Amino acid sequence: MAALRQPIRLVTFDALYTTIVPRLPIHVQYSHVFRPYLGVLDLGSLKQSFRVAFQSLERENLAYDKGSRTWWSEVIKRTALGAGADEKAIDAFLPQIVSRLLDRFSSKEGYRAFDDAITVVNSLHKLNIQTALISNADSRIRSVLRDLEFPVFLDPIILSEEEGVEKPSPEIYRRALAVVNSRNPQNPVVPAQCLHVGDELDADYHGAQAAGMNALLLQRSGADGEQAHRISRELKGDVTVIKDLRAVLPWVTAHNSTSSTF
């Protein structure tokens with residue numbers, strides 16, 4: 001007889017492209033904010049320059065190591081420059097542009113919840129399974145989740161800006177678990193009783209596994225699955241993939257049906 005597995009007692013989620021998504025593509029929203037200050041910039045150039053600016057800063061610095069506003073100010077400046085905006089205009093109006101974009105992406109103006117996200121969090125709660133969020137994001141994610149009316153029991157919310165450590169480091173997963181267990185030290189959750197769900201192969205899937213957790217890789221289809229097409233080319237070995245968050249519920253149910261009791 002096969003050994004019984006540990007039951008899932010905690011499900012943690014990534015934020016961007018897992019539970020929430022930009023309401024419009026990021027480069028389109030940048031275009032809307034840039035226009036009054038920098039004029040009309042080519043959307044294709046903006047899309048490419050944002051990607052280059054974001055990825056180059058990720059390589060150069062730990063995200064938010066000098067504060068999120070400083071980090072995003074540099075992303076925004078490089079994006080505008082890369083799309084061909086006038087450098088003098090950027091320097092003159094950068095503080096206003098940064099404030100407007102940071103405000104926009106602090107609320108439902110910039111983001112929407114995936115249709116399945118809140119439903120799945122509520123369903124897990126009804127099953128007496130705790131939920132939390134772990135994200136390589138800054139503190140604005142908290143206001144976004146409130147504005148989108150995510151349940152208060154999606155808690156704790158562990159953010160790289162506040163923790164000073166990023167996924168895929170196992171440490172950020174351990175910190176989430178430590179917060180959960182600080183609230184119920186008599187019956188602590190162990191890593192094998194956790195499931196993490198996210199859309200990034202290294203940061204979410206491999207990072208969670210390195211912390212001893214179970215993991216599911218989310219690869220959405222359609223316009224919301226842009227990253228999935230890139231990741232699909234990277235998949236090697238045994239990776240468990242789901243196409244939407246609704247698939248978390250039968251996975252947990254099946255896993256727990258062959259597990260020891262809570």
Side-chain angles (χ1 to χ4, degrees), residues 8-26 51 54-55 58 63 105 110-125 127 129-137 141 144-145 148 150-151 153-160 166-170 172-173 176-177 191-256:
I8 299 299
R9 297 171 55 198
L10 171 68
V11 177
T12 62
F13 296 94
D14 176 42
L16 193 57
Y17 300 111
T18 297
T19 53
I20 63 173
V21 65
R23 192 166 291 277
L24 294 170
I26 290 174
R51 181 181 292 114
F54 187 91
Q55 291 177 349
E58 274 195 318
F105 287 103
Y111 293 105
R112 63 177 173 86
F114 281 110
D115 293 340
D116 51 11
I118 294 175
T119 299
V120 169
V121 171
N122 281 325
S123 296
L124 290 168
H125 183 68
L127 294 173
I129 294 173
Q130 299 177 79
T131 55
L133 186 136
I134 305 172
S135 174
N136 284 352
I141 287 295
V144 171
L145 296 174
L148 292 173
F150 272 79
F153 45 76
L154 179 64
D155 181 62
I157 296 169
I158 304 297
L159 305 174
S160 63
E166 297 177 332
K167 298 182 294 181
S169 171
I172 196 166
Y173 294 95
L177 191 56
Q193 295 173 324
C194 303
L195 169 68
H196 180 72
V197 184
D199 69 305
E200 293 194 32
L201 181 61
D202 288 331
D204 292 304
Y205 195 85
H206 292 153
Q209 287 190 326
M213 298 180 176
N214 301 277
L216 295 174
L217 180 66
L218 176 64
Q219 291 196 287
R220 294 185 184 274
S221 60
D224 293 329
E226 180 179 355
Q227 177 163 264
H229 304 304
R230 176 179 60 79
I231 290 178
S232 64
R233 298 193 295 269
E234 302 173 0
L235 292 179
K236 296 178 182 179
D238 187 15
V239 177
T240 306
V241 176
I242 58 174
K243 297 299 183 182
D244 56 49
L245 290 183
R246 286 182 289 272
V248 171
L249 298 172
W251 188 94
V252 169
T253 299
H255 180 97
N256 286 0

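Since the model is a prediction, treat every value here as computed from it, not as a measurement.
- T19 contributes a side-chain N or O that, together with a main-chain N or O of D14, makes up a donor-acceptor pair within less than 3.5 Å.
- Remark: Q193 CD to M213 CE distance equals 11.0 Å, nearest 0.5 Å.
- With values rounded to the nearest 0.5 angstrom, R246 atom CZ is found 8.0 Å from T119 atom OG1.
- What you find for T240 and Y205 is that their closest heavy atoms are N-OH, 3.0 Å.
- The heavy-atom pair separating G198 from T18 by the smallest distance is CA-OG1, 3.5 Å.
- Side chains of D204 and I134 form no contact here, defined as non-hydrogen atoms less than 4.5 Å apart.
- A donor-acceptor distance shorter than 3.5 angstrom exists from the side chain of D244 to the backbone of A247, with no hydrogens or angles considered.
- Note that the CG atom of L195 and the OG1 atom of T12 stand 7.0 Å from one another [nearest 0.5 Å].
- Counting heavy atoms from C-beta on, the side chains of I26 and F54 never come closer than 4.5 Å.
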Exercise for the section: Go through the steps to decide whether V121 and L245 satisfy the test side chain to side chain contact (heavy atoms under 4.5 Å, CB included), and finish with yes or no. Expected result: CA-CA 9 Å; V121 171; L245 290 183; over 6 Å; no
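- The distance from the CH2 atom of W251 to the CG atom of L216 is 5.5 Å, given to the nearest 0.5 Å.
- Summarising the geometry of A132 relative to P156, their closest heavy-atom pair is CB-O, 3.2 Å, with the distance given to 0.1 Å.
- Under the 3.5 Å distance criterion, the side-chain polar atoms of Y173 are left unmatched by any main-chain donor or acceptor of K167.
- Smallest separation of non-hydrogen atoms from I172 and N136: CD1-OD1, 4.4 Å.
- T131 places a side-chain N or O within donor-acceptor distance of the main-chain N or O of F153, the cut-off being under 3.5 Å.
- By the 4.5 Å heavy-atom criterion applied to side chains, V120 and V197 are not counted as neighbours.
- A donor-acceptor pair is defined here as one N or O able to donate and one able to accept, closer than 3.5 Å; no such pair exists between the side chain of R112 and the backbone of L24.
- A 6.0 Å sphere centred on CG of D115 holds no more than 12 heavy atoms belonging to other residues, nucleotides or ligands.
- Counting all heavy atoms, side chain and backbone alike, P191 lies closest to A211 at CB-O, 3.4 Å.
- Of all non-hydrogen atoms in C194 and L177, the two that sit nearest each other are SG-CD1, 3.6 Å.
- Proximity of a side-chain donor or acceptor of N214 to a complementary backbone N or O of A192 within less than 3.5 Å is detected.
- Going from atom OH of Y17 over to atom CG of L218 covers 13.0 Å, rounded to the nearest 0.5 Å.
- Between P151 and I118 there is a side-chain heavy-atom pair separated by less than 4.5 Å.
- Note that CD of Q219 is 5.0 Å distant from NZ of K243, once rounded to the nearest 0.5 Å.
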